[in-house]
Amino acid sequence: MNNICCLVLTVLFCMHGLSQQDFTRDSIQAILDDAYERDQTPRRMIDSLMRMGIVDGNKFLPAIVQQKQADSINMAVVPPIIDLIIKQQLFDLDASAYHACWTIIQHAPDSIQSKYDGFIKQLVLKRLISYESYMAYIDRINVRQSKAQIYGWQFKRFSNGLIVQFPVLNGFESEWNNLGIEYNESDLLPDEYDVHEYGICIDSTQFVVSGIITYANPDRIPDEILLSLKDKEIIAHDTSGYFKAIINKRDLPISVNASIGSISHQFEIKCDNSDYIFLNCIVEQNMIKIINE
């Protein structure tokens, strides 16, 4: 262990009234239990607001601020503990300790996730976390990079409250079966989330353009707006303002055009290493703008 890790651990032991001589599995458990509760408290608040169908972003702000603070503290606290677990091969803690490690790693920056990828694989192979947890972890890594999911565990919540499943690679049911688990859509999110769209399936050659239409004037209806790709192919949208189109990556870069009467706005989707983009077509008085969601 390097000096920084030793310093962090010393601080942790002091917080829990311990000396390094008192270091035990119980002290690790206590630290990880605290970290898990710190991680989950603001997320429970956000989850509760989502379940109630709250759209107003201002109502989420206090919990989001608390979440960022919690994640910052946990990034200082938990990695040194995981390093100790790995170094001393401490795989006989309570299951809740490893669940805490998994939870905090999946909420960590990409660099931390990459560092502990092998540790997460160890946890699932030793059956210390579930295959479902592992699948959610892998999918979270993918969607952070705007890549299609392998298993389908991650969902997008648009600014208007609409919830859709992130795009999934074809063959995801076989990926579940390879882990000895039968795919069941109802396992992914509770019914009260009212998911608007499941199963945008693509292969490695395809790209998803998806998004919503929102209006400054709530009395306007989405049918008024026309969306097209390269001024040719019209993108259909439903009564909620949700739209999607699947194109070939060879057609990138490509322009999305939104128009109402004489008012229009064009947005260019550049060619990069992603598999999808989420857009918000915002219609205001005498103006349309398109932004990344």
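Values reported hereafter were calculated over all heavy atoms of this structure, with side chains retained and with hydrogens, waters and symmetry mates removed.
In this structure, the side chains of Val78 and Ile105 stay at 4.5 Å or more apart for every pair of heavy atoms. By the 4.5 Å heavy-atom criterion applied to side chains, Tyr137 and Val124 are not counted as neighbours. You'll find the side chain of Ile282 stays beyond 4.5 Å of the side chain of Ile288, heavy atoms only. At least one side-chain heavy atom of Ile82 sits less than 4.5 Å from a side-chain heavy atom of Phe119. The shortest side-chain heavy-atom distance between Pro42 and Ile64 does not fall under the 4.5 Å cut-off. No side-chain heavy atom of Asn142 sits less than 4.5 Å from a side-chain heavy atom of Gln149. Under the 4.5 Å side-chain criterion, counting only non-hydrogen atoms from C-beta, Ile81 is in contact with Ile28. When side chains are defined from C-beta on, Phe278 counts as touching Pro167, because their heavy atoms get closer than 4.5 Å.
With hydrogens and angles disregarded, no donor-acceptor distance shorter than 3.5 Å links the side chain of His237 to the backbone of Lys244. The closest donor-acceptor contact from the side chain of Asp238 to the backbone of Gly241 lies under 3.5 Å. Looking only at distances, no side-chain donor or acceptor of Asp39 sits under 3.5 Å from a matching main-chain atom of Ile104. Using a distance-only test at 3.5 Å, with no hydrogens or angles considered, a donor-acceptor pair links the side chain of Asp139 to the main chain of Gly152. Looking only at distances, no side-chain donor or acceptor of Asn292 sits under 3.5 Å from a matching main-chain atom of Leu279. Gln165 places no side-chain N or O within donor-acceptor distance of the main-chain N or O of Glu197, the cut-off being under 3.5 Å. No donor-acceptor pair under 3.5 Å is formed between the side chain of Gln29 and the backbone N or O of Leu93.
Placement of Val256 and Ile291 in two distinct hydrophobic clusters is found when ILVMFWY residues are connected by side-chain heavy-atom separations under 4.5 Å, directly or transitively. Cluster annotation: Tyr131 and Val168 are assigned to the same hydrophobic cluster (Ile/Leu/Val/Met/Phe/Trp/Tyr, side-chain heavy-atom contacts under 4.5 Å, transitive). Leu169 and Tyr134 fall within the same hydrophobic cluster, defined by Ile, Leu, Val, Met, Phe, Trp and Tyr side-chain heavy atoms under 4.5 Å apart, directly or through other members. Note on Leu226: it does not cluster hydrophobically with Leu229, by side-chain heavy-atom contacts below 4.5 Å among ILVMFWY residues. Residues Ile31 and Leu128 share a hydrophobic cluster, clusters being chains of Ile/Leu/Val/Met/Phe/Trp/Tyr side chains in contact below 4.5 Å.
Centroid-to-centroid, the aromatic rings of Phe155 and Phe166 stay 6.0 Å apart or farther.
Across Thr214, Ile163, Val164, a single residue satisfies side-chain contact (heavy atoms from CB on, under 4.5 Å) together with Phe158, and that is Val164.
Listed by chain and number, the residues in a side chain to side chain donor-acceptor pair (under 3.5 Å) with Gln106 are Arg140 (sequence neighbours excluded). The salt bridge (Lys or Arg N to Asp or Glu O under 4.0 Å) search around Asp272 returns none, not counting sequence neighbours. With sequence neighbours excluded, no residue forms a salt bridge (Lys or Arg N to Asp or Glu O under 4.0 Å) with Glu173. By the side chain to side chain donor-acceptor pair (under 3.5 Å) test, Asn178 is found to be paired with no residue, residues two or more places apart in sequence or in another chain being considered. For Ser228, the side-chain contact (heavy atoms from CB on, under 4.5 Å) test picks out Asp231, Ile234, Asn257, with sequence neighbours left out. Applying the salt bridge (Lys or Arg N to Asp or Glu O under 4.0 Å) test to Asp275 and every residue at least two apart in sequence or in another chain returns Lys147, Lys249.
Minimum heavy-atom separation, Trp176 to Glu182: CE3-O, 3.6 Å. Met75 and Ala108 get closest at one heavy-atom pair: SD-CB, 3.5 Å. Residues Leu252 and Ile254 come closest through the heavy atom pair CD2-CG2, 3.8 Å. Of all heavy-atom pairs between Cys201 and Phe172, the closest is SG-CE2, 3.4 Å. Nearest heavy-atom pair across Asn160 and Ser240 is ND2-O, 4.3 Å. When all heavy atoms of Lys230 and Pro253 are compared, the pair lying nearest together is CE-O, 4.3 Å.
Note that CG of Asp33 is 10.0 Å distant from CG of Asp26, once rounded to the nearest 0.5 Å. Ile120 CD1 to Leu125 CG: the interatomic distance, rounded to the nearest 0.5 Å, is 11.5 Å. The SG atom of Cys281 sits 10.0 Å away from the CD1 atom of Ile260 when rounded to the nearest 0.5 Å. Note that CD1 of Ile129 is 5.0 Å distant from CG of Leu123, once rounded to the nearest 0.5 Å. Here the straight-line distance linking atom CG of Asn74 with atom CD1 of Ile112 works out to 11.5 Å at 0.5 Å rounding.
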Expected list for residues 262-271: side-chain donor-acceptor pairs under 3.5 angstrom, two or more places apart:
none

For residues 204-212, tabulate all N or O donor-acceptor pairs below 3.5 Å that involve a side-chain atom, not counting sequence neighbours.
residue : atom : partner : partner atom : Å
Thr205  : OG1  : Asp203  : OD1          : 2.6
Gln206  : OE1  : Asp203  : N            : 2.9
Ser210  : OG   : Tyr242  : OH           : 3.3
Ser210  : OG   : Phe243  : O            : 3.2

Distance-only donor-acceptor pairs under 3.5 Å for side chains of residues 49-62, two or more places apart:
residue : atom : partner : partner atom : Å
Arg51   : NE   : Asp47   : OD2          : 2.6
Arg51   : NH1  : Glu192  : OE2          : 2.0
Asp56   : OD1  : Asn58   : N            : 3.0

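Under the side-chain hydrogen bond (donor to acceptor under 3.5 Å, both in side chains) criterion, the residue pairs touching residues 61-71 are Arg43-Asp71, with sequence neighbours excluded. Listed by first and then second residue, the ring-ring contact (aromatic ring centres under 6.0 Å, His included) pairs involving residues 91-114 are Tyr36-His99, His99-Trp102 (not counting sequence neighbours). Contacts classified as side-chain hydrogen bond (donor to acceptor under 3.5 Å, both in side chains) and involving residues 114-125 (residues at least two apart or in different chains) are given here: Asp83-Tyr116, Asp117-Lys121.
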Carefully, step by step, assess Glu132 and Asp187 under the rule side-chain contact (heavy atoms from CB on, under 4.5 Å). CA-CA 9 Å; Glu132 289 81 1; Asp187 290 341; 6.0 Å; no
Please walk me through it: do Tyr276 and Ile200 pass side-chain contact (heavy atoms from CB on, under 4.5 Å)? CA-CA 10 Å; Tyr276 60 84; Ile200 308 175; over 6 Å; no
Show your reasoning for whether side-chain contact (heavy atoms from CB on, under 4.5 Å) applies to Ile181 and Tyr151. CA-CA 11 Å; Ile181 303 172; Tyr151 303 104; over 6 Å; no
Is there a side-chain contact (heavy atoms from CB on, under 4.5 Å) between Ser159 and Asn280 once you walk through the steps? CA-CA 9 Å; Ser159 57; Asn280 187 356; 3.5 Å; yes
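Open room surrounds CG on Asn273; 12 or fewer heavy atoms of other groups in view lie less than 6.0 Å from it. Remark: Gln285 CD is loosely packed, at most 12 non-hydrogen atoms of other residues, nucleotides or ligands lying under 6.0 Å away.
Between Glu37 and Arg44, at least one side-chain N (NZ, or NE/NH1/NH2) sits under 4.0 Å from a carboxylate O, which counts as a salt bridge.
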